[in-house]
Visitor: 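Okay, here's the structure, questions in a sec.
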Amino acid sequence: MKLTTLQRRRLSNFRANRRALWSLWIFSTLFILSLFAELIANDHPLLVSYKGELHVPVFNFYSEADFGGDYRTEASYADPELQCLIVTGGLADACFVGPDAAKQVIADAEDGELNGALIDKGWMLWPLIRYNFNTVDTYNVKTAPGAPDRYHWLGTDDQARDVLARIIYGFRISIIFAIIVSISTSVLGIIAGAAQGYYGGLFDLLFQRFTEIWGSLPSLYIIIILSAIFNMSFWLLILIIVAFGWGALDGVVRAEFLRARNFEYVRAARALGVPDRVIIFRHVLPNAMVATLTMLPFIITGTIGALAGLDFLGFGLPSSYPSLGELTLQAKSNLNSPWLGFSAFFTFTIMLSLLVFIFEGVRDAFDPRKTFQ
């Protein structure tokens, strides 16, 4: 698609803002990596070789019996005894001797010193982090919260879950949540503000009274009430926040349309019979984009903060979701475990700072008064 002269100028202005450009690259890399979190942090191996056959546990279900065990339940790949079965090719007598003894059998098998036994060696290809966001490590963590070590680079929380894994998954769900909410609230707010400012009159007056009443409702109390009535879910929480958040852009867009509705080119378009929707979205809305983009960073960062705050208070996402707000709550509850507080603080600081820098560059790129050399 060929870019117009205006679009090329905006793109050039954004590229000239080095802080925004670098922030975009860093944030995009982190977000793309988080989309593949299951391949980076998982308690299932990416690939398992057992008796010459390859298995992909990260995508498929395998029972313990598939690897020489006794049960048809899903295999627990962190169990040293199951790892021993895979490595030794199913020598159950040598492996079902306790976790510590199984680890020694694994070491002997890998060194070729398993009492001279002829075994069909297997192997496992693990992700970079061997834990999912909800994996409880009962093998390497003696007391929870656990301090950072070679198994858990950022330590564990008070349920012996890996902090780094929860940050990766929590970062992903926070950004996806913020994107969905920001797009939805922006669309509703722009449509409402554009209609008010363009048509004015009685419609604008009545709609303003409605927005004033709606905006004065205590949204936090309503969320608390709804969370007591319904089982809060990802989409229900989005719906509630969008319902109370669309007014953030309504006033800004309305003011821009009230200012531009009497411009000569708008009046000329009306006189020529151009439909209202074309005037609104093609001729007037671009002039309101700078003010809209100025508010967008606050909407996105505010949404992330709102989600973290609700999770912190216990009225946000269900406990089955990884949550940065829940990590912050654990940091508050475990002041003797500073790695929890530092992890939450730096995660929010880096994430929100990058977003603010990016949208500062976008805002300046759309501002015709800004020119970068």
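Being a predicted model, the structure only gives us computed values, none of them experimental.
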Visitor: Does a donor on one side chain and an acceptor on the other come within less than 3.5 Å for Tyr151 and Asp137?
Guide: no

Visitor: Going by atom type alone, with no hydrogens or angles, which donor-acceptor pairs under 3.5 Å involve a side-chain atom of residues 229-241 and a protein atom two or more places apart or on another chain?
Guide:
residue : atom : partner : partner atom : Å
Ser233  : OG   : Leu236  : N            : 3.3

Visitor: Could you state the interatomic distance from CD1 (Ile180) to OG1 (Thr303), rounded to the nearest 0.5 Å?
Guide: 11.0 Å

Visitor: Sub-3.5 Å donor-acceptor pair from the side chain of Ser216 to the main-chain atoms of Ile213, do we have one?
Guide: yes

Visitor: Determine the interplanar angle of the Phe210 and Trp214 rings, folded into 0 to 90°, and report it as parallel if under 30°, tilted if 30 to 60°, perpendicular if over 60°.
Guide: parallel

Visitor: If you link I, L, V, M, F, W and Y whenever their side-chain heavy atoms are under 4.5 Å apart, who else ends up in the same group as Trp22?
Guide: none

Visitor: Tyr131 and Ala165: which non-hydrogen atoms are nearest, and at how many Å?
Guide: O-CB, 3.5 Å

Visitor: Could you go through the side chain to side chain contact (heavy atoms under 4.5 Å, CB included) check for His55 and Asp66 one step at a time?
Guide: CA-CA 10 Å; His55 305 272; Asp66 293 327; 5.8 Å; no

Visitor: Could you tell me whether the side chain of Ser23 and the main chain of Arg19 form a donor-acceptor pair under 3.5 Å?
Guide: yes

Visitor: Mind checking side chain to side chain donor-acceptor pair (under 3.5 Å) for Glu326 and listing every partner two or more places apart, or none if nothing turns up?
Guide: Arg161, Arg166, Gln330

Visitor: Sequence neighbours excluded, which residues qualify as side chain to side chain donor-acceptor pair (under 3.5 Å) partners of Ser186?
Guide: none

Visitor: Are Phe133 and Tyr139 linked, directly or through intermediate hydrophobic residues, by side-chain heavy-atom contacts shorter than 4.5 Å (ILVMFWY only)?
Guide: no

Visitor: Without swapping roles, check the side chain of Tyr77 against the backbone of Pro57 for a donor-acceptor pair under 3.5 Å.
Guide: no

Visitor: Can any side-chain N or O of Asp311 pair as donor or acceptor with the backbone N or O of Leu317 at less than 3.5 Å?
Guide: yes

Visitor: According to the interplanar angle, ranging from 0 to 90°, do the rings of Phe31 and Phe27 count as parallel (below 30°), tilted (30 to 60°) or perpendicular (above 60°)?
Guide: parallel

Visitor: Testing the basics here: between Ala260 and Val284, what is the closest heavy-atom pair and its distance to 0.1 Å?
Guide: CB-CG1, 3.8 Å

Visitor: Any salt bridge linking Arg267 with Glu264? Criterion: basic side-chain nitrogen under 4.0 Å from a carboxylate oxygen.
Guide: no

Visitor: May I have all residue pairs that pass ring pair (Phe, Tyr, Trp, His ring centres under 6.0 Å) and include part of residues 321-358, sequence neighbours excluded?
Guide: none

Visitor: May I have all residue pairs that pass salt bridge (charged side-chain N to carboxylate O under 4.0 Å, His left out) and include part of residues 201-221, sequence neighbours excluded?
Guide: Asp204-Arg254, Arg209-Glu212

Visitor: Please report the closest heavy-atom contact between Asp250 and Gly193, naming both atoms and the distance.
Guide: OD1-N, 3.2 Å

Visitor: Work out which heavy atom in Ile167 is nearest to a heavy atom in Ser343; give both atom names and the distance.
Guide: CD1-CB, 3.8 Å

Visitor: For Gln208, does its backbone N or O pair with a side-chain atom of Thr211 as donor and acceptor, under 3.5 Å?
Guide: yes

Visitor: Output the distance between atom CZ (Phe315) and atom OH (Tyr221), rounded to the nearest 0.5 Å.
Guide: 11.0 Å

Visitor: Kindly indicate, with the supporting measurements, whether the criterion side chain to side chain contact (heavy atoms under 4.5 Å, CB included) is fulfilled by Leu24 and Phe14.
Guide: CA-CA 10 Å; Leu24 177 62; Phe14 181 81; 3.6 Å; yes

Visitor: Please answer whether the main-chain N or O of Ala344 pairs with a side-chain N or O of Thr328 as donor and acceptor at a distance below 3.5 Å.
Guide: no

Visitor: Between Ile304 and Ala178, which heavy-atom pair has the shortest distance, and what is it?
Guide: CG1-CB, 3.6 Å

Visitor: Which atom names give the shortest non-hydrogen contact between Pro322 and Tyr169, and what distance separates them?
Guide: CG-CB, 3.5 Å

Visitor: Look only at the side chain of Thr185 and the backbone of Ser182, and say whether a donor-acceptor pair between them is shorter than 3.5 Å.
Guide: yes

